[in-house]
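One is the number of the first residue; the rest follow in order along the sequence.
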Amino acid sequence: MEQNVTMYPLTYAQKLHYFTVKYCPHKQVLNIGVSLTIEIDLDVDLLRESIYEAYDHFECSRIRFHENEKGEVMQYIAEKENRYIPYFEFRHWKYEDAESEMRKWAEVPFERQDSPMNKIVIIAMPDGFQGVYFCVDHMTMDAQALIVFLSDIMMIYSHKKYDYKYTNPAKSYIAQLEKDLKYEDNSKALQRDRKYWTDVIQGSEPMFTDIMGTKLLDDQRFASNNFKLRAAANANESMEAGISTFHLEPEPTAAILKFCKDNDVPVVCLLLMALRTYLQKANRNEPDISIQSTVSRRATISEKFSGGTRVHFFPCRTVVDLDDTFLEGCRKIQESQLANFRHANFNPVEFMTSRAKYYHLNGQSYEGLSLTYQPLSMRSDEIPADLKYKSNWYSNGVAAQALYLTVSHRPLDNGMDFSFEYKKCKYNHDNLEILYYYLSKIIFQGIQTPNKKVGAIIASV
């Protein structure tokens with residue numbers, strides 16, 4: 001450990017991930033593996049120089065963790081990143097073998113005591129694209145943070161190579177961290193948020209729904225002889241992960257964005273509406289649907305560009321009747337999300353613990369899946385528009401949740417990707433292909449006929 005460093009405690013968001021890795025037997029569970037490549041011959045030495053400069057800009061890329069004598073995990077910022085950045089030549093490999101190799105890299109856990117929490121490799125791919133592979137621990141960066149970090153590398157490179165305009169986007173991680181810790185120190189804002197979530201918990205009990213229908217809940221109701229049971233145990237011992245990704249073309253993607261703009265509906269609310277409508281269809285038209293929704297908590301400039309991990313998870317619960325229109329359902333979700341966002345700095349671990357205690361849950365839950373929407377793509381407006389880019393995500397082989405959908409935008413053609421990470425012991429590719437098929441039908445019926453009733457949409461798909 002470096003001398004005379006300032007130590008800080010973990011934030012709520014970091015603790016959420018820390019408990020995952022602490023109790024998970026697969027220590028790579030927090031690894032995020034990605035690549036960003038361009039169809040161009042890169043100057044490897046100049047790219048390496050650009051990476052070091054980006055390390056200098058973003059404090060969060062130099063986070064280290066230290067467990068003290070009391071067993072407390074603290075964090076600090078290393079002064080400099082000077083590890084050698086390797087170059088790996090994939091050009092003579094089969095493309096699928098190169099992808100497989102980078103998935104293996106994503107499965108290697110980081111040493112957690114006073115060690116770097118990310119790895120960068122400069123890569124040349126079989127299809128002629130070149131760029132970087134990046135693997136990072138989720139306690140130091142979330143998806144939006146790593147997108148900004150990788151984009152900064154490419155902007156620095158473009159500035160050095162082509163003299164394109166460059167403005168350093170990075171903001172201080174430590175300054176934002178101190179604001180977060182001040183809030184978490186029993187501030188009045190924290191007390192207001194605790195009251196809000198306590199009221200949510202005590203208002204009424206949600207209902208568990210699953211993409212496979214009511215069988216899981218029905219079986220547990222029968223086994224417990226409690227036919228009013230509303231929560232289900234959805235965890236499985238095996239955490240082996242699968243990823244199924246489906247590609248939505250640019251034209252229908254543009255139709256989604258136009259609908260959202262014209263009707264002032266956030267894209268994430270449209271996605272939640274499609275998911276909850278499918279769950280309603282698959283679960284005997286159950287109107288009470290709860291989905292775990294991520295909150296990025298990046299409203300300010302400091303939050304957007306200071307990096308780190310800021311994602312909190314809270315349930316988006318709505319009751320949408322069959323006689324409600326599709327657009328009315330979107331509005332209900334929007335209202336629920338806005339209320340949740342106002343109180344999203346609250347500790348999600350405390351929320352889940354309090355809810356479990358209030359309803360006497362024992363490893364049970366109400367949410368069968370989680371959703372993350374990534375509005376950012378790994379591309380910068382400062383980089384030449386005629387250059388073709390690709391970004392890929394690599395599974396670390398472990399799924400902490402039964403089903404996790406990430407929807408993101410492709411930088412290459414402006415289409416959308418629907419990536420389902422799932423536990424193989426619970427779902428398979430065919431299950432997710434069926435889900436995606438119905439989601440697509442629901443979305444496009446909804447945006448084409450927003451005043452159509454939900455019951456009619458369910459009947460027609």
Requested in this report: Tell me, with the steps shown, if Gln401 and Ser370 meet side chain to side chain donor-acceptor pair (under 3.5 Å).
Outcome: CA-CA 8 Å; Gln401 302 179 54; Ser370 299; 2.4 Å; yes
Requested in this report: Please step through side-chain contact (heavy atoms from CB on, under 4.5 Å) for the pair Val132 and Val121, ending with a clear verdict.
Outcome: CA-CA 6 Å; Val132 294; Val121 181; over 6 Å; no
With heavy-atom distances below 4.5 Å as the criterion, would you say the side chains of [X] and [Y] are in contact?
X      : Y      : answer
Tyr76  : Asp114 : yes
Leu36  : Met154 : yes
Tyr18  : Phe65  : no
Ile156 : His57  : yes
Met141 : Ile32  : no
Phe149 : Ile120 : yes
Thr167 : Lys165 : yes
Ile123 : Met102 : yes

Query raised in the report: Given Lys94 and Glu96, is the salt bridge (Lys or Arg N to Asp or Glu O under 4.0 Å) satisfied, shown in steps?
Result: CA-CA 6 Å; Lys94 292 181 179 178; Glu96 57 270 25; 5.1 Å; no
Does a salt bridge link [X] with [Y], judged by any charged N lying under 4.0 Å from a carboxylate O?
X      : Y      : result
Lys80  : Asp56  : yes
Arg276 : Glu367 : no
Lys160 : Glu49  : yes
Arg194 : Glu350 : yes
Lys27  : Asp137 : no
Lys182 : Asp185 : no
Glu240 : Lys424 : yes
Arg64  : Glu81  : yes

Is a donor from one side chain sitting under 3.5 angstrom from an acceptor on the other, for [X] and [Y]?
X      : Y      : answer
Asn31  : His138 : no
Ser172 : Glu59  : yes
Gln337 : Ser293 : yes
Asn234 : Lys426 : yes
Glu205 : Tyr358 : no
Tyr183 : Asp193 : yes
Asp210 : Tyr427 : yes
Ser35  : Tyr394 : yes
Tyr55  : Asn118 : yes
Tyr166 : Asp152 : yes
Gln14  : Gln75  : yes
Ser302 : Gln176 : yes
Tyr196 : Arg342 : no
Thr372 : Tyr404 : yes

Query - Verdict with supporting geometry, Arg297 and Glu303, salt bridge (Lys or Arg N to Asp or Glu O under 4.0 Å) - result: CA-CA 7 Å; Arg297 301 191 307 127; Glu303 291 168 348; over 6 Å; no
**Report entry** Residues Tyr173, Arg62; criterion side chain to side chain donor-acceptor pair (under 3.5 Å); working and verdict
**Finding:** CA-CA 10 Å; Tyr173 171 76; Arg62 293 177 276 119; over 6 Å; no
Requested in this report: Could you walk me through whether Thr353 and Val349 pass side-chain contact (heavy atoms from CB on, under 4.5 Å), step by step?
Outcome: CA-CA 6 Å; Thr353 303; Val349 175; 4.1 Å; yes
Would you indicate whether [X], at its atom [atom1], is surrounded by more than 12 heavy atoms from other residues, nucleotides or ligands within a distance under 6.0 Å?
X      : atom1 : value
Asn68  : CG    : yes
Glu178 : CD    : yes
Lys119 : NZ    : yes
Asp97  : CG    : yes
Glu89  : CD    : yes

Just by modelled atom types, is the [Y] backbone N or O under 3.5 Å from a matching donor or acceptor in the [X] side chain?
X      : Y      : value
Arg48  : Ile85  : yes
Arg355 : Ile201 : no
Arg317 : Ser336 : no
Thr140 : Val136 : no

Using the ring centroid of each side chain, check whether [X] and [Y] are separated by less than 6.0 Å.
X      : Y      : answer
Phe134 : Trp105 : no
Phe418 : Phe246 : no
His409 : Tyr373 : yes
Tyr366 : Phe208 : no

Requested in this report: Evaluate side-chain contact (heavy atoms from CB on, under 4.5 Å) for Leu405 paired with Leu369, printing each intermediate quantity in order.
Outcome: CA-CA 8 Å; Leu405 169 60; Leu369 62 89; 5.5 Å; no
Query raised in the report: Does NZ or CZ of Lys390 lie under 6.0 Å from the centre of the six-membered ring of Phe129, at an angle within 45° of the ring axis?
Result: yes
Can you tell me how far the [atom1] atom of [X] sits from the [atom2] atom of [Y], to the nearest 0.5 Å?
X      : Y      : atom1 : atom2 : result
Ser419 : Gln374 : OG    : CD    : 10.5 Å
Asp142 : Arg310 : CG    : CZ    : 8.5 Å
Ile211 : Phe420 : CD1   : CZ    : 7.5 Å
Tyr8   : His66  : OH    : NE2   : 16.0 Å

Query - Residue that, paired with His247, satisfies side chain to side chain donor-acceptor pair (under 3.5 Å) out of Asp413, Asp417, Thr253 - result: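 One option only clears the test, and that one is Asp417.
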Query raised in the report: Does the side-chain contact (heavy atoms from CB on, under 4.5 Å) test come out yes or no for Leu150 and Leu146, once each step is laid out?
Result: CA-CA 6 Å; Leu150 291 179; Leu146 72 86; 4.1 Å; yes
